[in-house]
Amino acid sequence: MEVTNDNACSWIKDLIPRQNIKILSDNLSTNWLIVGAGFTGLSAARKLGEIFPKEKIVIVDAQLAGEGASGRNSGYLVDTTLNDGFTSNKELESYKKKADIYDLGIKAVKNFIKEYQVDCDWNECGKFFASSRKEDQTILNNFSNTLEKLGYEHDILNNEQLTNRLGTNFYNVGLHTKGGILLHPGKLVRAMVDTLPKNVELYENSSLLEWFKEKDFINCKFKNSTIKTKKIIFATNGFLRSLGIKKNYNFPITLTASMTRPLTDNEHESIGKPKEWGVLPVRPMGATIRMTKDRRILIRNTAEIHNPMKMLQSILNQRYLKQKLGIKKRFPQLPDDIIQSSWSGIVSRTRNSSQIFEKIDDNIFVGGCYNGSGIGVGTLFGEQIAFKAIGQNTKEIQCIELRNKPTWLPPEPFLSIGIRSRLFYERLRARSEI
């Protein structure tokens, strides 16, 4: 598995390039191997390193640590999600189970930030769900009822209120939840790399090509070396399926995003000088939009089945044109050439939008499939899969285990046909929101 991400992600470009990158070149033997160095893998490695300070913990990644999906997402630490659409009493209980996991995820990230004094542009400003379609008021009213029953503080907003707070009159209906947090994902995940315990060995640009279990050990083959381990944790999220992990229960989706340069004082004033905000779509394939702390605009408005290993620059350029149009629809007064960078990233989904968190065989564990909540839930799952792997049953694990389990997916080619059909349908429904 060779992963080659485009190198234009604004979040990552904000960071100082790391030095002394270690690439796996020798054969190793270890008690613990973690595959994937994003929010989940780094959190698992940190926790295991703390629990076993005298043991060697090995973590490997096919790319640079934290520079996959973890450093490329939109920076929402979510308290609630909308597009699951739960409304009945039975479904309300399912929604509460998922929201409880989100809450634990927020606490896990907060604890990490407090312990290590991390600066990641943390802003407890909440988040918006918004739509230009007035008929989507019904969706938001139903969602408001769900939030009311669960005790989540929120507000329904009209066009004038949204215009005043966002600096665009594009949206006609909206809902603001006060528990959501906006942050800089690159800074957060870099801090997780920098604070790894000394007994954790990190190897990057080292792709796992093949793995198999032999008696009480798991043998892992890389390009120029092998690792023999007693226990393994898979934390590759969007690449779980390509490694044969729970392949009948998850699939990757490729997202693309663009970010502008910082707005000038005059440009910022022309849109009403709004403070930092984040908007999530009411309809699944609508655009995610952010105004960052330093007055950059981020837009993510594509999701597709695509080769998860690499997106060609020519294809990325086509997605950039859609994002340029999306910004222009919302902020027509801004210049046409305002976008500074565009990038792609991989997320993992399940059929019923649930997460994977389990022991799949003796000494083999996996966490993934966060469906847009990877910052908090990924961090939580990383810490808790470490506890699960050593046989501890924490109150967090008990909460996680209450969730609905992922449901089975059909084999290829039926799976890809079904996903593409659903994405096409959702794009049609949300075409005004791109």
Side-chain angles (χ1 to χ4, degrees), residues 5-6 8-11 69 72-76 78 81-83 127-133 136 139 162 166-175 180 182 185 238 252-261 263 271 274 276-292 296-306 308 311-332 334-349 371-374 419-434:
N5 265 338
D6 46 87
C9 178
S10 293
W11 299 126
R72 293 165 171 266
N73 69 70
S74 298
Y76 290 75
V78 300
T81 54
L82 167 59
N83 291 321
K127 67 182 184 309
F128 297 86
F129 296 97
S131 173
S132 67
R133 302 174 58 157
D136 284 347
I139 298 175
L162 290 165
L166 305 179
T168 171
N169 62 5
F170 177 80
Y171 299 105
N172 286 305
V173 296
L175 182 149
L182 298 178
I253 292 287
T254 298
L255 309 180
T256 55
S258 292
M259 188 181 283
T260 70
R261 57 165 171 75
L263 301 186
I271 64 172
E276 183 177 15
W277 52 259
V279 171
L280 295 172
V282 172
R283 295 177 180 265
M285 289 294 289
T288 294
I289 309 281
R290 265 194 69 178
M291 172 73 71
T292 67
R296 291 181 289 181
I297 299 172
L298 177 146
I299 179 169
R300 197 283 302 158
N301 63 358
T302 67
E304 57 194 310
I305 293 291
H306 191 276
M311 176 172 280
L312 297 175
Q313 186 62 45
S314 58
I315 298 175
L316 189 58
N317 290 342
Q318 297 171 10
R319 309 304 178 266
Y320 151 81
L321 294 176
K322 290 185 178 180
Q323 285 142 17
K324 179 179 178 180
L325 176 61
I327 291 176
K328 201 66 179 175
K329 287 168 65 174
R330 291 161 176 81
F331 302 100
L334 296 180
D336 288 342
D337 59 350
I338 198 170
I339 290 179
Q340 194 170 59
S341 63
S342 302
W343 65 91
S344 63
I346 309 300
V347 297
S348 182
R349 294 195 65 91
N371 305 298
S373 59
I419 296 171
R420 287 191 171 92
S421 298
R422 182 58 185 264
L423 291 175
F424 178 75
Y425 169 72
E426 296 292 356
R427 274 195 293 270
L428 285 178
R429 295 183 68 229
R431 59 187 178 276
S432 63
E433 305 305 301
I434 301 299

Asks: Report yes if some heavy atom in the side chain of T288 is under 4.5 Å from a heavy atom in the side chain of P281; otherwise report no.
Replies: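 Yes, close enough: below the 4.5 Å cut-off.
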Asks: Can you tell me how far CD of E426 sits from CD of E433, rounded to the nearest 0.5 angstrom?
Replies: 12.5 Å
Asks: Just how far is it from atom CZ of R319 to atom OG of S258, taken to the nearest 0.5 Å?
Replies: 11.5 Å
Asks: Using the test side chain to side chain contact (heavy atoms under 4.5 Å, CB included), find all partners of D6 that sit at least two apart in sequence or belong to another chain.
Replies: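 Here the qualifying residues are R72, L316, W343, S344.
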Asks: Just by modelled atom types, is the K322 backbone N or O under 3.5 Å from a matching donor or acceptor in the N301 side chain?
Replies: yes
Asks: Is T168 close to I271 at the side-chain level, that is, under 4.5 Å between some pair of heavy atoms?
Replies: no
Asks: What closest approach, in Å, do P335 and K328 show between heavy atoms, and which atom pair accounts for it?
Replies: C-NZ, 4.2 Å
Asks: Determine whether V173 and S131 make a side-chain contact, defined as any pair of heavy atoms from C-beta on separated by less than 4.5 Å.
Replies: yes
Asks: So, for S342 and A8, which heavy atoms are closest and what is the spacing to 0.1 Å?
Replies: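 Taking every non-hydrogen atom into account, O-CB, 3.4 Å.
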Asks: For R427, give me all partners under side chain to side chain donor-acceptor pair (under 3.5 Å), at least two apart in sequence or on another chain.
Replies: none
Asks: Checking side chain to side chain contact (heavy atoms under 4.5 Å, CB included) for the pair T292/W11: CA distance, chi angles, key distance, verdict?
Replies: CA-CA 11 Å; T292 67; W11 299 126; 3.9 Å; yes
Asks: For K324, is there an ion pair with D336 - N to carboxylate O distance below 4.0 angstrom?
Replies: no
Asks: Assess whether side chain to side chain contact (heavy atoms under 4.5 Å, CB included) is satisfied between L255 and V347, documenting all intermediate values.
Replies: CA-CA 7 Å; L255 309 180; V347 297; 3.8 Å; yes
Asks: Side-chain contact test, heavy atoms from C-beta onward, threshold under 4.5 Å: evaluate it for I338 versus L263 and give yes or no.
Replies: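 SC-SC contact between I338 and L263 confirmed.
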Asks: Does CZ in R429 sit with more than 12 non-hydrogen atoms of other residues, nucleotides or ligands closer than 6.0 Å?
Replies: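 Counting other residues, nucleotides and ligands, CZ of R429 exceeds 12 neighbours.
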Asks: Which of these passes side-chain contact (heavy atoms from CB on, under 4.5 Å) with H306: L312, I315, T256, I346?
Replies: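 Only match with H306 under side-chain contact (heavy atoms from CB on, under 4.5 Å): I315.
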Asks: Tell me, do Q340 and T260 make a side-chain contact under 4.5 Å, heavy atoms counted?
Replies: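 Q340 vs T260: side chains apart.
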Asks: Do other residues, nucleotides or ligands put more than 12 heavy atoms under 6.0 Å from K329 NZ?
Replies: yes
Asks: Using the test side chain to side chain contact (heavy atoms under 4.5 Å, CB included), find all partners of I305 that sit at least two apart in sequence or belong to another chain.
Replies: I253, I419, R420, L423
Asks: Please name the pair of heavy atoms, one in A430 and one in G286, separated by the smallest distance, quoted to 0.1 Å.
Replies: CB-N, 3.7 Å
Asks: Taking side chain to side chain contact (heavy atoms under 4.5 Å, CB included) as the definition, give me every residue that meets it alongside E276, ordered by chain and number, with sequence neighbours left out.
Replies: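 By the side chain to side chain contact (heavy atoms under 4.5 Å, CB included) rule, E276 matches N123, L182, R290, K293.
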Asks: Ignoring hydrogens, what is the shortest heavy-atom contact between N172 and S132? Give both atom names and the distance.
Replies: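 Reported closest heavy-atom pair: ND2-O, 2.6 Å.
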Asks: What are the two closest non-hydrogen atoms of Q323 and A257, and how far apart are they?
Replies: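 So the two residues come closest at OE1-C, 3.4 Å.
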Asks: How far does CD1 of I289 sit from CZ of R330, to the nearest 0.5 angstrom?
Replies: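 Here the interatomic distance stands at 4.0 Å.
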Asks: Any idea which heavy atoms bring R296 and R261 closest together, and the distance?
Replies: CG-C, 3.7 Å
Asks: Sequence neighbours left out, what passes salt bridge (Lys or Arg N to Asp or Glu O under 4.0 Å) with R300? Give chain and number order.
Replies: none
Asks: Are any of the side-chain heavy atoms of V279 and L166 separated by less than 4.5 Å?
Replies: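 Yes. Closest side-chain heavy atoms under 4.5 Å.
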Asks: Heavy-atom distance under 4.5 Å between the side chains of L280 and K127, does that happen here?
Replies: yes
Asks: Could you check whether any side-chain heavy atom of F170 comes within less than 4.5 Å of a side-chain heavy atom of L162, counting everything from C-beta outward?
Replies: no
Asks: Tell me, please, which residues at least two apart from F129 pass ring-ring contact (aromatic ring centres under 6.0 Å, His included).
Replies: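 Expected list: F143.
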